[in-house]
Protein chains: 2
Amino acid sequence: MVSIKDVAKHAGVAISTVSKVLNHYPNVSEETKRKVNQAVEELNFVPNSVAAALSSKQSGRVALLLNLNTKTQAIDEIVMQYISGAINKAMEMGLDVITFFFSMFENKSVEEITRYLNAQSIHGIIIYGMSKEDKVLQKLIAAQEFKVVLVDAPLYNSNTSTVWVNQEQAQYDVAQKTIVENKSKKILYIAGKKNGYVTEQRLKGIKRLAQDMDLNLLIKHGEFSELQARNITFRFARNRDVIVCASDLMAIGAMRALMEMDIFRPVCGFDGITLMGYAGKQMNTISQNFAGVSAAAVEELHYLMNGGEGREKILGYTIARMKYMDIIC
Amino acid sequence: MVSIKDVAKHAGVAISTVSKVLNHYPNVSEETKRKVNQAVEELNFVPNSVAAALSSKQSGRVALLLNLNTKTQAIDEIVMQYISGAINKAMEMGLDVITFFFSMFENKSVEEITRYLNAQSIHGIIIYGMSKEDKVLQKLIAAQEFKVVLVDAPLYNSNTSTVWVNQEQAQYDVAQKTIVENKSKKILYIAGKKNGYVTEQRLKGIKRLAQDMDLNLLIKHGEFSELQARNITFRFARNRDVIVCASDLMAIGAMRALMEMDIFRPVCGFDGITLMGYAGKQMNTISQNFAGVSAAAVEELHYLMNGGEGREKILGYTIARMKYMDIIC
DNA sequence: CTGTTAGCGCGTTCAG
DNA sequence: CTGAACGCGCTAACAG
């Protein structure tokens with residue numbers, strides 16, 4: 001294994017000089033920079049990130065914290081997009097990524113989690129889809145021991161940033177489009193998980209729309225479950241004009257119920273998962289580009305870890321119309 | 001941060017003694033073991049795995065190498081199962097996991113990959129779904145620089161194990177069940193990717209079945225693509241009795257095509273993905289328990305990294321009958 | 001059975 | 001602008 005020592009010898013300089021060049025320190029002459037870089041090239045030197053982490057106490061090791069919902073497996077797709085978006089971007093930026101699931105920290109205290117992450121030399125965390133009920137994570141953020149980026153949770157402090165699309169406006173827009181297209185007045189809105197941040201935001205959106213368009217709005221909580229959305233639809237859809245759902249999965253549940261009831265109502269989803277294409281009908285939905293959100297989160301974390309201040313970052317979205325043929329081509 | 005030094009001081013012994021106790025070395029008296037363990041408890045000491053890796057050159061760092069097929073997103077589910085199965089088991093066994101995708105190593109040489117992995121102190125790799133065409137990975141395995149476990153690729157040497165279900169027999173069994181149930185004689189078999197190991201094995205299975213049952217077998221390659229399976233079905237299904245597919249996704253494509261053609265043929269899948277439930281019909285398939293396979297791969301890697309010899313490990317499977325109601329309950 | 005010592009590969013002072 | 005020297009937290013011989 002070729003180490004920094006070999007590079008130094010090869011370039012005819014001291015070890016520390018090599019380190020400085022590698023880490024882009026000032027006060028190194030162009031001439032020595034060139035020599036060092038050439039030696040790096042010739043020896044195919046790749047810095048040992050583990051040693052660097054140990055030495056500097058400030059590694060580029062980052063943790064992904066994902067909420068893998070084992071009950072509704074169908075949303076795997078979103079988690080997968082998050083993972084690949086983050087990992088690809090992190091690779092590009094020279095960060096290494098460790099993936100964790102909420103379930104791993106379930107019965108642990110903040111102190112235990114902190115110690116564990118410290119033992120792993122992890123200094124930055126990206127948390128996806130935290131809700132108000134994730135008490136330990138809330139404390140972890142409050143403790144500010146780590147640099148944190150939250151995806152889909154609107155909290156931030158000096159060590160914590162938040163990255164998300166404007167859920168409120170997105171819900172407003174996609175519902176409006178659907179309602180205008182169908183000239184509906186009586187809306188059944190199937191909301192997500194109580195105490196979920198995104199659920200709240202989307203609720204705000206639909207309520208504002210109801211006010212603006214003077215709609216009759218019936219709200220039920222479907223907990224992001226296809227089955228619950230299905231049951232809600234059976235019970236409440238008959239004398240409603242349109243069904244607006246806070247997720248695609250629930251929209252599928254609603255559609256299925258409608259088909260069994262043998263009545264037609266326009267349905268509107270949220271997320272833009274490809275699974276939609278397998279549900280057999282088409283509907284409006286919000287396309288979120290989860291991989292892109294995740295990549296943005298990595299960038300934001302990198303910014304934080306280099307001394308940036310926590311902040312809010314709002315990303316874009318598009319209204320999509322999804323159907324079978326979009327998928328298989 | 002509390003280090004091994006603090007523990008040593010607290011327990012009144014030397015640093016190396018603590019290390020020995022922690023790593024379960026022999027030749028330590030019960031008495032000192034007790035003292036050390038007590039100190040560890042009291043100080044809430046968690047060993048720094050980064051330092052251990054640097055020092056011992058034998059870390060518990062493991063890489064997952066996944067083939068994320070961006071074209072057929074629907075199989076995200078399998079990849080996700082692989083990831084979560086591996087990560088959960090690894091956590092349990094005290095290994096830490098870095099996740100990579102094939103695409104990251106696409107244009108790199110074996111030397112580059114080796115250097116990169118070394119720089120990360122990674123000594124074990126699990127590779128999922130490698131095919132004969134993944135030349136670089138083949139070389140990486142042949143070089144035997146790392147301990148490798150292959151999932152769904154039947155290669156092994158002294159540093160490489162393979163873990164997989166008996167694809168040949170599974171294909172035989174599920175197809176046989178479907179064919180017997182429907183008293184079919186003329187089979188359309190839609191195979192997977194040319195040069196894929198699993199494809200080959202499954203092909204062997206169906207061929208053996210055809211011989212044993214004296215069937216008329218027509219084989220076409222669908223490349224694991226829903227669209228291709230669809231097109232093949234359009235062209236060849238009409239005068240066939242049954243359609244056996246080498247994956248659920250292709251089975252869905254076939255079913256869809258049959259529905260559009262307005263003819264009925266039994267269809268048989270492979271994999272047992274939940275997506276099947278969204279396709280609106282039911283069919284026989286093979287349920288593989290991907291998370292379980294992945295967990296077994298982690299165990300196997302752990303075994304290899306502790307001096308075990310590479311070997312073959314064959315896992316079980318079950319024939320499942322999937323339909324919508326299986327999923328949403 | 002226990003303690004001492006020397007690194008692992010790198011980042012970081014602080015003299016020169 | 002450069003380089004010698006120290007330390008990060010831990011493991012691994014080697015003495016005792």
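Proteins get letters first, then strands, A, B, ... in listed order; numbering begins at 1 in each.
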C:dT2, OP1 or OP2 - any side-chain N/O from B:Thr32 closer than 4.0 Å? yes
Please identify which of these residues, A:Leu117, A:Leu301, A:Thr160, A:Asn159, meets the side-chain contact (heavy atoms from CB on, under 4.5 Å) condition with A:Phe146. A:Leu117
Roughly how many Å is it from CD1 in B:Ile4 to P in D:dA12, rounded to a whole number? 11 Å
What is the distance, to the nearest angstrom, from the NZ atom on B:Lys5 to the C1' atom on C:dT4? 14 Å
Tell me which nucleotide among C:dG11, C:dC1, D:dC10 gets nearest to the side chain of B:Ser29. C:dC1
Taking the nucleotide of DNA chain C with the closest heavy atom to each, which residue, A:Ala51 or B:Lys20, is nearer the 5' end? B:Lys20
NA contact type, B:Val50, heavy-atom cut-off 4.0 Å: base, sugar-phosphate, or nothing? nothing
Output yes when at least one side-chain N/O atom of A:Asn48 is less than 4.0 Å from OP1 or OP2 of C:dC8, else no. no
Does either side chain, that of B:Ser161 or that of B:Glu300, offer a donor lying less than 3.5 Å from an acceptor on the other one? yes
Expressed as a whole number of angstroms, how long is the span from B:Glu30:CD to C:dT2:C1'? 15 Å
Can a salt bridge be assigned to the pair B:Glu31 and B:Arg34 using a cut-off of 4.0 Å between side-chain N and carboxylate O? yes
Nearest 0.5 Å, what's the CG-CZ distance between B:Leu65 and B:Phe105? 6.0 Å
Are B:Leu68 and A:Met80 close enough, and set up right, to give a side-chain contact (heavy atoms from CB on, under 4.5 Å), and what steps lead you there? CA-CA 10 Å; B:Leu68 223 193; A:Met80 198 59 234; 4.1 Å; yes
For A:Ser56 and for B:Lys33, locate the closest nucleotide of DNA chain C by heavy-atom distance; then report the residue assigned to the nucleotide nearer the 5' terminus. B:Lys33
Atom-pair distance (CG on A:Asn118; P on D:dC10), nearest Å: 12 Å
I need the CG-P distance between A:Leu54 and C:dG7, as an integer number of Å. 17 Å
Establish, with yes or no, whether the OP1 or OP2 oxygen of C:dT12 is under 4.0 angstrom from a side-chain nitrogen or oxygen of A:Tyr25. yes
Separation of C:dC10 C1' from A:Asn23 CG (nearest whole Å): 9 Å
Look at the side chain of B:Val13 and decide which nucleotide, out of C:dG7, D:dT2, C:dG3, has an atom nearest to it. C:dG3
Nucleotide C:dC10, atom P - distance to CZ of A:Phe45 in whole Å: 4 Å
Hey, is the side chain of A:Ser19 poking within less than 4.0 Å of OP1 or OP2 on C:dC10, counting only N and O atoms? no
Polar pair under 3.5 Å, donor/acceptor by atom type, side chain B:Ser16, base C:dT4: yes
Rounded to the Å, how far apart are B:Gln120 CD and C:dC10 P? 13 Å
Under 4.0 Å between any heavy atoms, over every strand shown, what does B:Ile15 touch: base, sugar-phosphate, or nothing? Just pick one. base
